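A quick write-up on the structure given underneath.
Only a predicted model underlies this, so the values are computations on that prediction, with no experimental measurement involved.
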Amino acid sequence: MLRAAIIGIAALCCGAAQGQIVAAEFGGPTTRYAHGVLGDAIEYGTLELRLKGGQGRRIVLPEARVFEDLAPRLADLDGDGAPEVIVVESDQNLGARLSVYGPDGLIAATPFIGRSNRWLAPIGAADLDGDGMVEIAYIDRPHLAKLLRVWRFQNGMLELVAEAEGLTNHQIGQDFISGGIRDCGQGPELITANANWSQIVATRLEEGRLTTRPLASYAGPRSFAPVLACGE
(Lines give C-alpha, C1' and ligand atoms only; values in the text may rest on other atoms or scores of the structure.)
Protein backbone atom coordinates (compact mmCIF):
# COMPACT_ATOMS: atom_id res chain seq x y z
CA MET A 1 0.00 0.00 0.00
CA LEU A 2 1.43 3.36 -1.05
CA ARG A 3 1.52 5.73 1.91
CA ALA A 4 1.47 8.77 -0.35
CA ALA A 5 -1.91 7.71 -1.68
CA ILE A 6 -3.39 7.70 1.78
CA ILE A 7 -2.03 10.62 3.77
CA GLY A 8 -0.32 13.93 3.45
CA ILE A 9 2.37 14.81 6.00
CA ALA A 10 3.29 18.38 6.90
CA ALA A 11 6.16 19.21 9.23
CA LEU A 12 5.29 21.38 12.20
CA CYS A 13 8.90 21.95 13.12
CA CYS A 14 11.97 20.54 11.60
CA GLY A 15 13.00 18.22 8.77
CA ALA A 16 12.05 14.56 8.49
CA ALA A 17 10.34 12.91 11.43
CA GLN A 18 12.77 11.19 13.74
CA GLY A 19 12.68 10.02 17.32
CA GLN A 20 10.04 8.84 19.69
CA ILE A 21 6.38 9.79 19.87
CA VAL A 22 5.53 11.08 23.33
CA ALA A 23 1.99 12.37 22.74
CA ALA A 24 -0.74 12.36 20.12
CA GLU A 25 -4.08 14.08 19.67
CA PHE A 26 -6.66 14.66 16.99
CA GLY A 27 -7.07 18.01 15.28
CA GLY A 28 -8.95 19.56 12.39
CA PRO A 29 -12.50 18.95 13.63
CA THR A 30 -14.89 18.34 10.73
CA THR A 31 -18.49 17.38 9.97
CA ARG A 32 -17.70 15.92 6.54
CA TYR A 33 -18.51 12.34 7.64
CA ALA A 34 -22.19 12.16 8.62
CA HIS A 35 -22.34 9.23 11.02
CA GLY A 36 -22.43 10.49 14.60
CA VAL A 37 -21.94 7.09 16.21
CA LEU A 38 -20.05 8.68 19.13
CA GLY A 39 -22.82 11.09 20.03
CA ASP A 40 -22.15 14.07 17.77
CA ALA A 41 -21.39 14.91 14.15
CA ILE A 42 -17.79 16.02 14.74
CA GLU A 43 -14.88 13.85 13.64
CA TYR A 44 -11.25 14.80 12.91
CA GLY A 45 -9.13 15.31 9.84
CA THR A 46 -5.62 15.41 11.32
CA LEU A 47 -3.44 13.49 13.75
CA GLU A 48 -1.03 15.70 15.69
CA LEU A 49 2.12 13.97 16.98
CA ARG A 50 4.62 15.36 19.49
CA LEU A 51 8.10 13.82 19.44
CA LYS A 52 10.75 13.59 22.10
CA GLY A 53 12.79 16.79 21.94
CA GLY A 54 9.83 18.98 21.04
CA GLN A 55 9.40 18.25 17.35
CA GLY A 56 5.93 17.78 15.94
CA ARG A 57 4.26 16.14 12.97
CA ARG A 58 0.80 16.60 11.50
CA ILE A 59 -0.75 13.75 9.54
CA VAL A 60 -3.53 15.02 7.27
CA LEU A 61 -6.17 12.67 5.91
CA PRO A 62 -7.70 13.02 2.43
CA GLU A 63 -11.10 14.73 2.26
CA ALA A 64 -12.84 11.35 1.92
CA ARG A 65 -11.55 10.14 5.32
CA VAL A 66 -11.75 11.07 8.98
CA PHE A 67 -10.50 9.84 12.32
CA GLU A 68 -13.76 8.50 13.81
CA ASP A 69 -12.46 7.96 17.30
CA LEU A 70 -12.29 9.34 20.83
CA ALA A 71 -8.52 9.75 21.19
CA PRO A 72 -5.33 8.24 19.75
CA ARG A 73 -3.89 5.31 21.71
CA LEU A 74 -0.12 4.95 22.26
CA ALA A 75 1.35 1.45 22.50
CA ASP A 76 4.76 -0.05 21.77
CA LEU A 77 3.74 -2.63 19.19
CA ASP A 78 7.16 -3.71 17.91
CA GLY A 79 9.10 -3.83 21.20
CA ASP A 80 11.63 -1.14 20.29
CA GLY A 81 10.79 1.01 23.32
CA ALA A 82 8.99 3.69 21.29
CA PRO A 83 5.20 3.74 20.97
CA GLU A 84 3.13 3.62 17.83
CA VAL A 85 -0.29 5.28 17.54
CA ILE A 86 -3.51 3.26 17.13
CA VAL A 87 -6.59 5.00 15.70
CA VAL A 88 -9.92 4.33 14.02
CA GLU A 89 -9.98 5.81 10.51
CA SER A 90 -13.17 5.93 8.42
CA ASP A 91 -13.75 6.36 4.70
CA GLN A 92 -16.85 7.96 3.16
CA ASN A 93 -17.57 4.86 1.09
CA LEU A 94 -15.74 2.03 2.86
CA GLY A 95 -16.43 2.58 6.57
CA ALA A 96 -13.87 2.10 9.32
CA ARG A 97 -10.52 0.41 9.65
CA LEU A 98 -7.97 0.21 12.45
CA SER A 99 -4.76 2.06 11.54
CA VAL A 100 -1.28 2.18 13.09
CA TYR A 101 0.80 5.34 12.61
CA GLY A 102 4.37 6.29 13.38
CA PRO A 103 6.29 9.58 13.08
CA ASP A 104 6.56 9.15 9.30
CA GLY A 105 2.93 8.23 8.68
CA LEU A 106 0.93 5.07 8.17
CA ILE A 107 2.65 1.83 9.19
CA ALA A 108 -0.14 -0.75 8.88
CA ALA A 109 -3.92 -1.02 8.76
CA THR A 110 -6.68 -3.59 8.73
CA PRO A 111 -8.98 -3.70 5.70
CA PHE A 112 -11.87 -1.25 5.70
CA ILE A 113 -15.14 -2.86 6.79
CA GLY A 114 -16.41 -2.18 3.28
CA ARG A 115 -19.48 0.02 3.67
CA SER A 116 -20.11 3.60 4.74
CA ASN A 117 -21.22 4.21 8.34
CA ARG A 118 -19.83 0.91 9.58
CA TRP A 119 -17.55 1.35 12.59
CA LEU A 120 -15.26 -0.55 14.95
CA ALA A 121 -14.55 0.02 18.65
CA PRO A 122 -11.02 -0.69 19.96
CA ILE A 123 -10.50 -2.71 23.13
CA GLY A 124 -6.73 -2.34 23.46
CA ALA A 125 -3.30 -3.75 22.70
CA ALA A 126 -1.19 -6.27 24.64
CA ASP A 127 0.69 -9.53 24.24
CA LEU A 128 -2.48 -11.52 24.74
CA ASP A 129 -1.04 -15.04 24.42
CA GLY A 130 2.47 -14.65 25.82
CA ASP A 131 4.31 -15.25 22.54
CA GLY A 132 6.28 -12.01 22.72
CA MET A 133 4.27 -10.25 20.01
CA VAL A 134 1.57 -7.65 20.59
CA GLU A 135 -2.03 -8.16 19.53
CA ILE A 136 -4.64 -5.44 18.96
CA ALA A 137 -8.28 -6.25 19.69
CA TYR A 138 -11.47 -4.47 18.65
CA ILE A 139 -15.17 -5.10 18.17
CA ASP A 140 -16.13 -5.04 14.51
CA ARG A 141 -19.52 -3.26 14.18
CA PRO A 142 -20.40 -3.28 17.89
CA HIS A 143 -24.07 -2.46 17.15
CA LEU A 144 -24.54 -4.95 14.30
CA ALA A 145 -22.05 -7.78 13.80
CA LYS A 146 -20.76 -7.71 17.42
CA LEU A 147 -17.63 -9.54 16.31
CA LEU A 148 -14.42 -9.57 18.36
CA ARG A 149 -11.36 -9.53 16.12
CA VAL A 150 -7.74 -9.91 17.23
CA TRP A 151 -4.84 -8.85 15.01
CA ARG A 152 -1.15 -9.52 15.63
CA PHE A 153 1.40 -6.81 14.82
CA GLN A 154 4.48 -8.47 13.34
CA ASN A 155 7.16 -7.23 10.94
CA GLY A 156 5.30 -3.98 10.44
CA MET A 157 2.08 -5.72 9.40
CA LEU A 158 -1.25 -6.68 10.97
CA GLU A 159 -2.36 -10.31 10.73
CA LEU A 160 -5.80 -11.54 11.80
CA VAL A 161 -5.28 -14.36 14.30
CA ALA A 162 -8.69 -14.99 15.90
CA GLU A 163 -12.29 -13.81 16.09
CA ALA A 164 -15.37 -14.55 18.17
CA GLU A 165 -19.03 -13.62 17.77
CA GLY A 166 -21.52 -12.31 20.30
CA LEU A 167 -19.48 -9.59 22.03
CA THR A 168 -19.73 -5.80 22.13
CA ASN A 169 -18.34 -2.73 23.91
CA HIS A 170 -20.33 0.26 22.64
CA GLN A 171 -23.91 1.47 22.30
CA ILE A 172 -24.96 3.97 19.63
CA GLY A 173 -24.51 7.56 20.77
CA GLN A 174 -22.22 6.86 23.72
CA ASP A 175 -19.16 9.13 23.88
CA PHE A 176 -17.09 6.35 25.47
CA ILE A 177 -16.10 2.74 24.80
CA SER A 178 -16.72 0.24 27.60
CA GLY A 179 -14.33 -2.42 28.86
CA GLY A 180 -10.67 -2.84 28.02
CA ILE A 181 -7.81 -5.17 28.94
CA ARG A 182 -7.03 -6.40 32.45
CA ASP A 183 -4.39 -8.72 33.94
CA CYS A 184 -5.27 -10.13 37.33
CA GLY A 185 -2.10 -12.22 37.58
CA GLN A 186 -2.91 -14.95 35.09
CA GLY A 187 -2.36 -13.09 31.84
CA PRO A 188 -4.29 -10.47 29.86
CA GLU A 189 -8.05 -10.74 29.39
CA LEU A 190 -10.29 -8.75 27.05
CA ILE A 191 -13.23 -7.27 28.95
CA THR A 192 -16.44 -6.59 27.00
CA ALA A 193 -20.17 -7.13 27.27
CA ASN A 194 -22.04 -9.99 25.70
CA ALA A 195 -24.26 -9.29 22.70
CA ASN A 196 -27.42 -8.32 24.64
CA TRP A 197 -25.63 -6.37 27.37
CA SER A 198 -26.78 -8.70 30.13
CA GLN A 199 -23.29 -9.76 31.25
CA ILE A 200 -19.71 -8.54 31.44
CA VAL A 201 -17.40 -11.19 30.05
CA ALA A 202 -13.68 -11.97 29.83
CA THR A 203 -12.04 -13.37 26.70
CA ARG A 204 -8.60 -14.97 26.47
CA LEU A 205 -6.42 -15.76 23.47
CA GLU A 206 -4.81 -19.18 23.92
CA GLU A 207 -3.18 -21.27 21.19
CA GLY A 208 -4.81 -19.18 18.51
CA ARG A 209 -8.34 -19.54 19.91
CA LEU A 210 -10.58 -17.19 21.86
CA THR A 211 -12.41 -18.50 24.92
CA THR A 212 -15.00 -16.45 26.80
CA ARG A 213 -16.43 -16.69 30.30
CA PRO A 214 -19.00 -14.56 32.17
CA LEU A 215 -17.77 -12.44 35.08
CA ALA A 216 -20.65 -10.29 36.35
CA SER A 217 -24.07 -8.95 35.47
CA TYR A 218 -24.09 -5.73 33.47
CA ALA A 219 -25.77 -2.94 35.44
CA GLY A 220 -24.74 0.13 33.49
CA PRO A 221 -21.39 1.57 32.38
CA ARG A 222 -20.04 1.87 35.92
CA SER A 223 -20.25 -1.89 36.42
CA PHE A 224 -17.12 -2.30 34.29
CA ALA A 225 -14.87 -0.51 36.81
CA PRO A 226 -14.68 -3.24 39.51
CA VAL A 227 -14.19 -5.90 36.85
CA LEU A 228 -11.30 -4.04 35.24
CA ALA A 229 -9.81 -3.56 38.72
CA CYS A 230 -9.90 -7.35 39.23
CA GLY A 231 -12.75 -7.12 41.74
CA GLU A 232 -14.70 -9.79 39.90
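- Of the listed residues (Leu167, Thr168, Ile172, Val37), just one forms a side chain to side chain contact (heavy atoms under 4.5 Å, CB included) with Pro142, and that residue is Thr168.
- Other residues, nucleotides and ligands place no more than 12 heavy atoms under 6.0 Å from the CD atom of Glu165.
- Here the options are Leu49, Ile59, Ile107, the test is side chain to side chain contact (heavy atoms under 4.5 Å, CB included), and the partner is Tyr101; only Ile59 passes.
- Counting all heavy atoms, side chain and backbone alike, Pro111 lies closest to Arg97 at O-CB, 3.7 Å.
- In the hydrophobic clustering, Ile42 connects to no other residue, as no ILVMFWY side-chain heavy atoms lie under 4.5 Å from its own.
- Within the 4.5 Å cutoff, the side chain of Leu190 has heavy atoms near those of the Val150 side chain.
- Gln199 places no side-chain N or O within donor-acceptor distance of the main-chain N or O of Ser217, the cut-off being under 3.5 Å.
- Note on Ile181: it does not cluster hydrophobically with Val88, by side-chain heavy-atom contacts below 4.5 Å among ILVMFWY residues.
- Considering only heavy atoms from C-beta on, Leu98 comes within 4.5 Å of Pro122 through its side chain.
- With rounding to the nearest 0.5 Å, the separation of CD1 in Ile177 from CD in Gln171 is 12.5 Å.
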Test log, rule side-chain contact (heavy atoms from CB on, under 4.5 Å), inputs Trp119 and Ile113: CA-CA 8 Å; Trp119 186 64; Ile113 290 172; 5.6 Å; no
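- Minimum interatomic distance between Gln20 and Pro83 (heavy atoms only, all atoms of both residues): CG-CD, 3.8 Å.
- Separation of atoms CG (Leu128) and CG (Leu205) is listed at 5.5 Å; rounding is to 0.5 Å.
- The hydrophobic clustering, which links ILVMFWY residues whose side-chain heavy atoms are closer than 4.5 Å, places Leu106 and Leu61 together.
- Contact record, Ile86 with Ala75: CD1-CB, 4.1 Å, taken as the closest heavy-atom pair.
- The closest side-chain donor-acceptor pair between Glu68 and His35 falls under 3.5 angstrom.
- Contacts of Thr110 classified as side chain to side chain donor-acceptor pair (under 3.5 Å), with partners at least two apart in sequence or in another chain: none.
- A chain of hydrophobic side-chain contacts below 4.5 Å, direct or via other Ile, Leu, Val, Met, Phe, Trp or Tyr residues, connects Phe153 to Tyr138.
- Rounded to the nearest 0.5 Å, atoms CG (Leu120) and CG (Asp69) are 8.5 Å apart.
- Every pair passing salt bridge (Lys or Arg N to Asp or Glu O under 4.0 Å) that includes a residue from residues 118-133 is listed here, sequence neighbours excluded: Asp129-Arg152, Asp131-Arg152.
- For the atom pair Leu147 CG and Glu163 CD, the distance stands at 4.5 Å (nearest 0.5 Å).
- Atoms CZ and OG, from Arg65 and Ser90 in turn, are 10.0 Å apart once rounded to the nearest 0.5 Å.
- In this structure, Leu148 and Leu210 have side chains that are in contact, with non-hydrogen atoms separated by less than 4.5 Å.
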Intermediate values then yes/no, side-chain contact (heavy atoms from CB on, under 4.5 Å), Asp175 and Asp40: CA-CA 8 Å; Asp175 61 355; Asp40 60 35; over 6 Å; no
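- Here the closest non-hydrogen pair linking Ala24 and Leu74 is CB-CD1, 3.8 Å.
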Trace of the side-chain contact (heavy atoms from CB on, under 4.5 Å) decision for Arg73 with Val85: CA-CA 6 Å; Arg73 299 155 192 82; Val85 182; over 6 Å; no
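- Between Ser178 and His170, every side-chain heavy-atom pair lies at or beyond the 4.5 Å cut-off.
- Every residue two or more places apart in sequence or in another chain was checked for a side chain to side chain donor-acceptor pair (under 3.5 Å) with Asn169, and none qualifies.
- Between the side chains of Thr211 and Arg209, no donor-acceptor pair of N or O atoms lies under 3.5 Å.
- Partners of Glu207 by salt bridge (Lys or Arg N to Asp or Glu O under 4.0 Å), not counting sequence neighbours: none found.
- In the hydrophobic cluster analysis, where Ile, Leu, Val, Met, Phe, Trp and Tyr join through side-chain heavy atoms closer than 4.5 angstrom, Val87 is grouped together with Ile21.
- For Asp183 (side chain) and Gly187 (main-chain N/O), a donor-acceptor pair under 3.5 Å exists by modelled atom type.
- Looking at residues two or more places apart in sequence or on another chain, you find a ring-ring contact (aromatic ring centres under 6.0 Å, His included) between Tyr44 and Phe26.
- Pairs engaging residues 220-230 under the salt bridge (Lys or Arg N to Asp or Glu O under 4.0 Å) rule: none recorded [sequence neighbours left out].
- Nearest heavy atoms, Ser223 versus Ala219: OG-N, 3.2 Å.
- Residue pairs meeting the salt bridge (Lys or Arg N to Asp or Glu O under 4.0 Å) criterion with at least one partner in residues 136-147, sequence neighbours excluded, are Asp140-Arg149.
- Looking at residues two or more places apart in sequence or on another chain, you find a salt bridge (Lys or Arg N to Asp or Glu O under 4.0 Å) between Arg32 and Glu63.
- In this structure, Leu51 and Val22 have side chains that are not in contact, with every pair of non-hydrogen atoms separated by 4.5 Å or more.
- The side-chain heavy atoms of Val60 and Leu47, taken from C-beta on, include no pair separated by under 4.5 Å.
- For Thr46, the side chain to side chain donor-acceptor pair (under 3.5 Å) criterion is met by Glu48, not counting sequence neighbours.
- Linking ILVMFWY residues whenever their side-chain heavy atoms come closer than 4.5 Å, directly or via other members, leaves Met157 and Met133 in distinct clusters.
- Applying the under-4.5 Å side-chain rule to Ile, Leu, Val, Met, Phe, Trp and Tyr, the cluster around Val227 extends to Ile191, Trp197, Ile200, Leu215, Tyr218, Phe224, Leu228.
- Taking Arg213 as the reference, Glu189 meet the salt bridge (Lys or Arg N to Asp or Glu O under 4.0 Å) condition, with sequence neighbours excluded.
- Separation of atoms CZ (Arg50) and CD (Glu25) is listed at 9.0 Å; rounding is to 0.5 Å.
- Counting only heavy atoms from C-beta outward, the side chains of Gln92 and Tyr33 approach each other to under 4.5 Å.
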